S.K.: 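So that we are looking at the same thing, I have put the structure below in structure tokens.
Bear in mind that the values here come from a model prediction, so they are computed numbers and not experimental data.
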Amino acid sequence: ELLLWAVKNWNYSHLNANLHQELTSKKIKKYQEYIAQRVVGKPVAYIIKQQDFCGLTITVSPNVLIPRPESELLVELIKQAIINLLKSTFQITLKTAPKSADKPIGKPTREINILELGTGSGAISLALADFIAHKMSTNKYHFLPFFNIVASDIEDKALKVAETNAKRLKLEKSKYHSLNFIQADLFTKNNSQKIDLVVANLPYIPSSRIEKLTDEVKNFEPHLALDGGPDGFDLYRQLFNQLTHHSLKPKLLICEIDDSQRQIALNFINSLLLAERPKSVIILPDLADRDRFLICSWSDPTLIPALRV
């Protein structure tokens with residue numbers, strides 16, 4: 001039905017109401033092409049070139065991973081972390097403030113800096129930008145600071161997909177945020193800026209498991225965005241090592257990891273010099289109760305979001 005929906009360029013309800021409407025010969029040919037691609041295992045998202053994510057339609061291509069449901073839960077955790085940052089940094093609560101208020105409570109600064117590493121299609125940063133621009137800018141959230149969101153990836157082809165998504169969804173900037181994309185190898189281009197929140201959904205599949213993935217994944221999705229090295233944690237080790245050499249640690253780091261990496265992550269963090277270690281570390285489960293999210297705080301432990309589903 002998704003392929004038929006794409007061919008007819010209809011929404012789902014329109015499709016159900018018009019199932020018996022005949023297709024033109026051109027659309028029949030296109031539908032047959034779609035079916036042929038699906039028969040050999042090509043993911044539907046790559047065939048129709050889009051995937052729904054957090055209420056947004058994200059354009060995808062074989063140059064980026066298809067956004068996963070697990071990452072929607074990651075976005076929910078990041079939203080909670082943002083609200084915790086507002087409370088901690090600006091003493092902003094969810095209570096309604098006067099509409100005439102135009103200055104933040106507490107510290108004079110009006111900015112929160114968010115960095116996403118390994119952005120791929122841009123889905124996570126786009127979901128955050130949508131949340132800030134369209135859902136936080138209500139009477140519940142006055143005194144909002146300005147959110148600088150920077151999303152990076154090592155692959156220029158992935159960045160082009162992300163930039164296209166931001167333009168199409170009109171989420172490049174709003175009164176409350178800016179979203180910029182940069183090509184970078186993890187934290188290497190961010191050594192001079194204070195970052196409040198780092199978000200990372202890096203390749204975390206152990207190399208030996210790549211060939212055991214479903215045909216849809218291993219034959220069509222980019223291995224560079226999947227393979228995390230022998231135990232799947234190589235890029236996270238690299239990230240933590242970069243952070244230890246950064247004079248300005250982020251307040252919070254939120255990562256998506258493989259469910260086999262709890263002890264690997266904790267052992268590695270405990271091996272860092274005491275002065276470089278996060279003050280608080282927690283690993284939260286996904287909806288299937290598998291260890292999925294590694295969260296580290298170098299400042300206030302109350303910034304760490306709680307899992308509410």
Side-chain angles (χ1 to χ4, degrees), residues 1-16 23 27-76 78 116-131 151 153-171 179 181 199-205 209-228 256 258 286-288 290 292:
E1 285 188 348
L2 282 173
L3 297 179
L4 187 57
W5 162 80
V7 167
K8 290 191 172 186
N9 198 26
W10 287 347
N11 61 36
Y12 194 74
S13 60
H14 195 177
L15 174 62
N16 281 338
L23 294 174
K27 288 188 175 181
I28 289 174
K29 182 179 180 181
K30 187 175 184 180
Y31 187 53
Q32 290 172 335
E33 290 172 352
Y34 281 1
I35 293 296
Q37 293 177 64
R38 188 71 189 112
V39 165
V40 298
K42 189 172 184 178
V44 171
Y46 285 155
I47 297 173
I48 65 175
K49 298 181 175 60
Q50 64 184 54
Q51 175 72 19
D52 288 340
F53 184 80
C54 292
L56 300 174
T57 300
I58 303 295
T59 296
V60 296
S61 80
N63 295 311
V64 298
L65 286 184
I66 298 167
R68 305 300 205 263
E70 294 90 344
S71 298
E72 292 190 336
L73 185 52
L74 175 64
V75 170
E76 292 305 311
I78 299 165
E116 185 200 356
L117 305 174
T119 192
S121 65
I124 291 173
S125 285
L126 290 164
L128 295 181
D130 180 61
F131 173 64
D153 203 286
I154 197 169
E155 281 290 303
D156 60 340
K157 291 180 180 179
L159 288 172
K160 288 177 182 177
V161 174
E163 289 168 347
T164 297
N165 276 316
K167 289 177 182 176
R168 180 177 54 80
L169 294 168
K170 298 181 176 163
L171 288 172
L179 172 56
F181 297 95
V199 179
N201 187 4
L202 303 174
Y204 58 65
I205 305 296
R209 275 179 35 204
I210 297 295
E211 287 304 312
K212 299 175 184 177
L213 297 173
T214 64
D215 288 345
E216 282 193 24
V217 176
K218 73 178 180 182
N219 294 338
F220 292 94
E221 300 205 55
H223 285 203
L224 184 65
L226 293 167
D227 194 337
E256 184 174 322
D258 187 68
D286 59 19
L287 294 176
R290 295 173 295 194
R292 186 64 64 198

S.K.: From Glu155 CD over to Thr119 OG1, what is the distance, rounded to the nearest 0.5 angstrom?
M.R.: 13.0 Å
S.K.: Grab the two heavy atoms, one from Gly120 and one from Val64, that are nearest each other, plus how far apart they are.
M.R.: C-CG1, 3.7 Å
S.K.: Do the non-hydrogen side-chain atoms of Leu287 and Leu73 ever get within less than 4.5 Å of each other?
M.R.: yes
S.K.: How far apart are the closest heavy atoms of Leu126 and Ala166, and which atoms are they?
M.R.: CD2-CA, 3.6 Å
S.K.: Nearest 0.5 Å, what's the CD1-NE2 distance between Ile210 and His223?
M.R.: 6.0 Å
S.K.: Dump the intermediate steps for side-chain contact (heavy atoms from CB on, under 4.5 Å) on Leu169 and Asp130, then the final yes or no.
M.R.: CA-CA 9 Å; Leu169 294 168; Asp130 180 61; over 6 Å; no
S.K.: To the nearest 0.5 Å, how far apart are OG in Ser71 and CG in Asn201?
M.R.: 4.5 Å
S.K.: Mind checking whether Glu221 and Ile66 have side chains closer than 4.5 Å, heavy atoms only?
M.R.: yes
S.K.: Mind checking whether Asp153 and Phe181 have side chains closer than 4.5 Å, heavy atoms only?
M.R.: no
S.K.: If you take all heavy atoms of Asp52 and Glu72, which pair is closest and at what distance?
M.R.: O-OE2, 4.2 Å
S.K.: Find out whether Asn63 and Lys160 are in side-chain contact, i.e. whether some heavy atom of one side chain is under 4.5 Å from a heavy atom of the other.
M.R.: no
S.K.: I'd like to know if Glu216 and Arg38 make a salt bridge, using a cut-off of under 4.0 Å between side-chain N and carboxylate O.
M.R.: yes
S.K.: When you look at Tyr34 and Val44, which way does the side-chain contact (heavy atoms from CB on, under 4.5 Å) test go after all the steps?
M.R.: CA-CA 9 Å; Tyr34 281 1; Val44 171; over 6 Å; no
S.K.: Can you tell me how far CD of Glu163 sits from CG of Leu159, rounded to the nearest 0.5 angstrom?
M.R.: 6.0 Å
S.K.: Please find the pair of heavy atoms, one from Leu179 and one from Ser125, that lie closest to each other, and give the distance.
M.R.: CD1-CB, 3.9 Å
S.K.: Looking at every non-hydrogen atom in both residues, tell me the closest pair between Val75 and Ala127 and how far apart they are.
M.R.: CG1-CB, 4.0 Å
S.K.: So which heavy atom on Gln50 is nearest to which on Val60, and how close?
M.R.: N-CG2, 3.8 Å
S.K.: Is there a side-chain contact between Tyr204 and Arg292 in this structure, where contact means two heavy atoms from C-beta onward sitting under 4.5 Å apart?
M.R.: yes
S.K.: So, taking the atom named CG in Leu226 and the one named NZ in Lys218, what distance separates them when rounded to the nearest 0.5 Å?
M.R.: 12.5 Å
S.K.: Within this structure, what is the CZ-CG distance for the pair Arg209 and Asp227, rounded to the nearest 0.5 Å?
M.R.: 11.0 Å
